[in-house]
Amino acid sequence: MAELPPGYRFYPTEEELVRFYLRHKLDGSRCDDIERVIPVADVCSLDPWQLPEAHPAAFGGDGEPWFYFCARQDREARGGRPSRTTPSGYWKAAGTPGLVYSADGRPVGTKKTMVFYCGRAPAGAKTDWKMNEYRAFDDDDADAVAPAPNPFLQARSEFSLCRLYTRLDNLRQFDRRPCTAARGSASQDLASSSAAAALANEDDEAGRGQKRKRHAATDGTSSSSDDADRSMQQQHQEQGDADEELLGDMADWAEFLDWI
């Protein structure tokens, strides 16, 4: 498990868990490769927080799930119900078991979700630890034509595959692989920000244009007032010249009358 290169992440789909990993484990093929990633452990012999230390896996931790193969218990082999009791609590089923489907719509296994409670039933305290238990159907054939759903499919119980995790507020907790939707949303966000920046630039340009118009209007008003002042000054000067000329004419008439 320590030989895996750093940076690898393990994000199998439910179909891959059942049809590849669990199927190979049940058939006894590629056990060395499979157990490098998913070790064998008795998940009910320890508390969930003790499992990662007692059975270190190649993946898990930091919000990532742990995966374990769990062998069938002796009481279950004799037809009894498996024990879900641990040293500090117990696992309790949540909801009804569901089916795992292949890409072509065929049921290939079952899935049971369980929640861990601290204490003894029925007064245990619910925790954030959860577990998905997967079992594979006996007659799963990857090369067969997809038949009609069979309600009498029997699950193999020699081994089950358990996914152990703590509940997180993350819709993609079990699949962090890049998706086109995420890239599309990022592109839309980038386009929106670009459009917003363009609108802001347009607003700035419009504001500058309005300022230029106001400055131009102010300059026009100033020039008009200056022209009016010059015109009034010219009129006053012309009026003054006319008054001086009239006074000169009156003086000439006075001299003429005195001579007579």
Side-chain angles (χ1 to χ4, degrees), residues 1-2 9-18 20-23 25-26 31 34-100 107-137 154-176:
M1 288 179 285
R9 298 295 181 268
F10 189 51
Y11 298 130
T13 63
E14 292 186 333
E15 181 185 1
E16 292 168 347
L17 286 174
V18 173
F20 182 82
Y21 294 97
L22 184 54
R23 174 60 57 182
K25 182 61 179 177
L26 291 170
C31 290
I34 295 298
E35 292 183 6
R36 288 180 62 204
V37 181
I38 304 178
V40 178
D42 184 0
V43 296
C44 292
S45 64
L46 297 172
D47 293 322
W49 53 84
Q50 296 174 333
L51 285 169
E53 297 180 0
H55 304 280
F59 304 94
D62 297 331
E64 307 294 341
W66 293 268
F67 297 89
Y68 301 101
F69 289 119
C70 187
R72 177 175 54 186
Q73 298 178 4
D74 293 337
R75 59 185 300 177
E76 187 179 4
R78 294 193 297 266
R81 298 181 60 183
S83 175
R84 305 294 186 185
T85 304
T86 70
S88 299
Y90 59 96
W91 290 98
K92 181 180 179 180
T96 57
L99 295 176
V100 178
V108 295
T110 62
K111 171 185 175 182
K112 179 185 293 184
T113 301
M114 291 176 281
V115 181
F116 185 75
Y117 287 77
C118 285
R120 296 307 173 194
K126 186 177 181 180
T127 67
D128 289 335
W129 286 94
K130 302 185 73 174
M131 182 170 61
N132 300 132
E133 183 185 61
Y134 297 94
R135 295 181 185 269
F137 285 140
Q154 297 295 323
R156 296 182 60 177
S157 58
E158 300 96 311
F159 282 95
S160 61
L161 195 157
C162 296
R163 175 168 59 185
L164 180 70
Y165 61 98
T166 54
R167 183 174 55 190
L168 297 177
D169 295 330
N170 189 345
L171 296 178
R172 298 188 63 204
Q173 181 174 2
F174 300 139
D175 188 0
R176 311 286 180 83

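Just so we're clear, the structure is a prediction, and the values are computed from it rather than from any experiment. No hydrogens, no waters, no symmetry mates; every other heavy atom, side chains included, goes into these values.
- Taking Y117 as the reference, Y90 meet the ring-ring contact (aromatic ring centres under 6.0 Å, His included) condition, with sequence neighbours excluded.
- The side chain to side chain donor-acceptor pair (under 3.5 Å) pairs that include a residue from residues 69-82 are R72-S157, E76-R135, where partners are two or more places apart or lie in different chains.
- In this structure, the side chains of E16 and R23 stay at 4.5 Å or more apart for every pair of heavy atoms.
- Under the salt bridge (Lys or Arg N to Asp or Glu O under 4.0 Å) criterion, K130 pairs with no residue at all, not counting sequence neighbours.
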Query - Residues Y68, L161; criterion side chain to side chain contact (heavy atoms under 4.5 Å, CB included); working and verdict - result: CA-CA 6 Å; Y68 301 101; L161 195 157; over 6 Å; no

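- In this structure, W91 and W129 have side chains that are in contact, with non-hydrogen atoms separated by less than 4.5 Å.
- Once rounded to the nearest 0.5 Å, the distance linking CG of L164 with CD of E133 reads 12.5 Å.
- Nearest heavy atom pair, residue F137 against residue P107, reads CD1-O, 3.5 Å.
- For the atom pair C70 SG and I38 CD1, the distance stands at 13.0 Å (nearest 0.5 Å).
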Report task. Determine, step by step, whether V115 and K126 satisfy the side chain to side chain contact (heavy atoms under 4.5 Å, CB included) criterion, reporting the C-alpha distance in whole Å, the side-chain angles of both residues, the deciding distance to 0.1 Å, and the verdict. Result -> CA-CA 7 Å; V115 181; K126 186 177 181 180; 3.8 Å; yes

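- Closest of all the heavy-atom pairs between P39 and H55 is CG-O, 4.3 Å.
- Of all heavy-atom pairs between C44 and S83, the closest is SG-O, 3.5 Å.
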Requested in this report: Evaluate the side chain to side chain contact (heavy atoms under 4.5 Å, CB included) criterion for residues M114 and K92: first the C-alpha distance (whole Å), next the side-chain angles of each, then the deciding distance (0.1 Å), finally the verdict.
Outcome: CA-CA 5 Å; M114 291 176 281; K92 181 180 179 180; over 6 Å; no

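- With a 4.5 Å cut-off on side-chain heavy atoms, C162 and F67 do not count as touching.
- Qualifying salt bridge (Lys or Arg N to Asp or Glu O under 4.0 Å) partners for D42, counting only residues two or more places apart in sequence or in other chains: none.
- The distance from the OG1 atom of T85 to the CZ atom of R120 is 6.0 Å, given to the nearest 0.5 Å.
- Here the straight-line distance linking atom CG of N132 with atom OG1 of T110 works out to 11.0 Å at 0.5 Å rounding.
- Counting heavy atoms from C-beta on, the side chains of R163 and W66 never come closer than 4.5 Å.
- For the ring-ring contact (aromatic ring centres under 6.0 Å, His included) test, residues two or more places apart in sequence or in another chain that qualify with Y21 are F10.
- The two residues K112 and P97 come nearest to each other via the heavy atoms CE-CG, 4.1 Å.
- No side-chain donor-acceptor contact under 3.5 Å links D128 and T166.
- The side chain to side chain contact (heavy atoms under 4.5 Å, CB included) test applied to E15 returns T13, R19, S102, A103, not counting sequence neighbours.
- Geometrically, K25 engages F159 in a cation-pi contact defined by less than 6.0 Å to the ring centre and at most 45° from the axis.
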Query raised in the report: Can V40 and E35 be said to form a side chain to side chain contact (heavy atoms under 4.5 Å, CB included), step by step?
Result: CA-CA 7 Å; V40 178; E35 292 183 6; 3.8 Å; yes

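- V43 places a side-chain heavy atom less than 4.5 Å from the side chain of L51.
- At distances below 3.5 Å, at least one donor-acceptor pair connects side-chain atoms of T127 with backbone N or O atoms of F116.
- Within the 4.5 Å cutoff, no side-chain heavy atoms of L22 are placed close to those of L17.
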